[in-house]
2 protein chains.
Amino acid sequence: MESTDLRKAGLKVTHPRMRILEILENLDGKHVTAEDIYRELLEHQDDIGLATVYRVLTQFEAAGLVLKHNFEGGQAVYELDRGKHHDHMIDVESGKVIEFTSEEIERLQREVAERHGYQIEDHSLVLYVRPRKKN
Amino acid sequence: MESTDLRKAGLKVTHPRMRILEILENLDGKHVTAEDIYRELLEHQDDIGLATVYRVLTQFEAAGLVLKHNFEGGQAVYELDRGKHHDHMIDVESGKVIEFTSEEIERLQREVAERHGYQIEDHSLVLYVRPRKKN
DNA sequence: TTGGTTGCAAACGGTTTGCAGTTGC
DNA sequence: GCAACTGCAAACCGTTTGCAACCAA
């Protein structure tokens with residue numbers, strides 16, 4: 001992912017955008033808040049404002065480059081959209097986020113929607129989990 | 001649902017609490033924001049502050065009397081917890097919220113969690129839907 | 001050259017909180 | 001009587017916006 005992706009999205013290739021894209025790429029699977037990115041930038045002496053981080057993330061989302069999630073009504077978290085859809089499981093003890101997919105669940109969702117005369121536009125499935133007891 | 005429920009929850013039976021409980025009861029299935037309740041109270045000349053509405057809803061949630069949902073990062077919406085678990089489908093055109101249940105989806109969720117060594121504590125499933133095209 | 005982009009500070013909107021006065025029990 | 005509760009206004013916190021300076025094309 002590089003400057004081409006930005007141009008394709010009709011966005012000028014600027015330092016803030018490239019740096020934020022880089023940071024998102026080096027996350028493999030982790031999810032970050034706007035502030036996480038902002039702090040990371042500060043640590044590397046990049047003089048990029050928090051407002052810019054928000055603006056860039058919003059543009060990236062609109063361009064289909066990143067996904068935004070609103071887990072448990074606090075801060076929004078972002079991740080690069082690598083194309084393969086997945087849902088999330090959050091370990092409530094450690095805060096760890098696990099990604100998973102289930103074609104069967106997807107199918108049942110479509111079925112339920114259809115049964116009500118609808119078609120699915122989007123969906124959000126989050127499991128809040130706890131390490132299994134070994135009783 | 002009445003004063004008994006409040007006492008059971010260790011809450012004093014006050015006018016604000018009773019009124020808010022009443023309003024929640026007369027919703028059958030609809031979902032309201034704190035402001036919705038506040039406006040409803042104003043219309044009936046109840047002199048109850050918005051802060052109180054928030055405090056009462058938070059207490060009701062902790063007491064297991066109401067459910068709070070954070071659909072699409074705006075305002076939180078509340079509904080009375082009538083015991084039977086359900087998920088939500090939101091018609092993105094009209095904003096209408098439809099409740100549904102699917103024991104099969106629930107089962108698959110438990111399976112997925114188990115497969116990762118977890119047990120489900122809670123979950124949130126929201127389908128954003130659109131009336132089916134008659135192609 | 002110029003329109004998109006940026007940093008800053010101020011505004012925003014939903015929610016929470018400190019406090020002094022009030023009320024249920 | 002006294003702890004629980006309330007209304008009000010101010011604080012909070014994540015996010016957005018107005019604006020003048022800046023810079024990619």
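Note on naming: letters A, B, ... go to the chains in the order of the sequence lines (proteins, then strands), and numbering restarts at 1 for each one. These numbers were taken from a predicted model, which means no experiment stands behind them.
- When all heavy atoms of A:K68 and A:A76 are compared, the pair lying nearest together is CE-CB, 3.6 Å.
- The shortest distance between the side-chain N/O atoms of A:R17 and the OP1/OP2 oxygens of C:dT6 is below 4.0 Å.
- Here the P atom of nucleotide C:dG14 and the OH atom of B:Y38 are 14 Å apart, to the nearest Å.
- The CG atom of B:L42 sits 14 Å away from the C1' atom of D:dC8 (whole-angstrom rounding).
- One can place CG of A:L57 at 15 Å from P of C:dT5, the figure rounded to the nearest angstrom.
- A:V129 and A:M89 make their closest contact through CG1-CG, 3.5 Å (heavy atoms, listed as atom of the first residue, atom of the second, distance).
- Aromatic rings of A:H116 and A:Y118 (six-membered ring for Trp) have centroids beyond the 6.0 Å cut-off, not under it.
- Atom CG of A:D46 is separated from atom P of C:dG7 by 10 Å (rounded to the nearest Å).
- If you measure from atom CG of B:L6 to atom C1' of D:dA4, you get 14 Å, rounded to the nearest angstrom.
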Reading nucleotides 11-23 of chain D from the 5' end, what letters show protein touch, with B for base, S for backbone sugar-phosphate only, - for no heavy atom under 4.0 Å? ---SBBBB-----
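- Considering every non-hydrogen atom in both B:I120 and B:R110, the closest pair reads CD1-N, 3.7 Å.
- Ion pairing between B:R107 and B:E111 holds under the 4.0 Å rule for side-chain N and carboxylate O.
- For the pair B:H15 NE2 and C:dC25 P, the interatomic distance rounds to 14 Å; values are reported in whole Å.
- Rounded to an integer number of Å, the gap from CG of B:L11 to C1' of C:dT23 is 15 Å.
- As a whole-Å value, the separation of B:M18 CE from C:dC25 P is 10 Å.
- A salt bridge does not link B:K84 to B:E79: none of the charged nitrogens lies less than 4.0 Å from a carboxylate oxygen.
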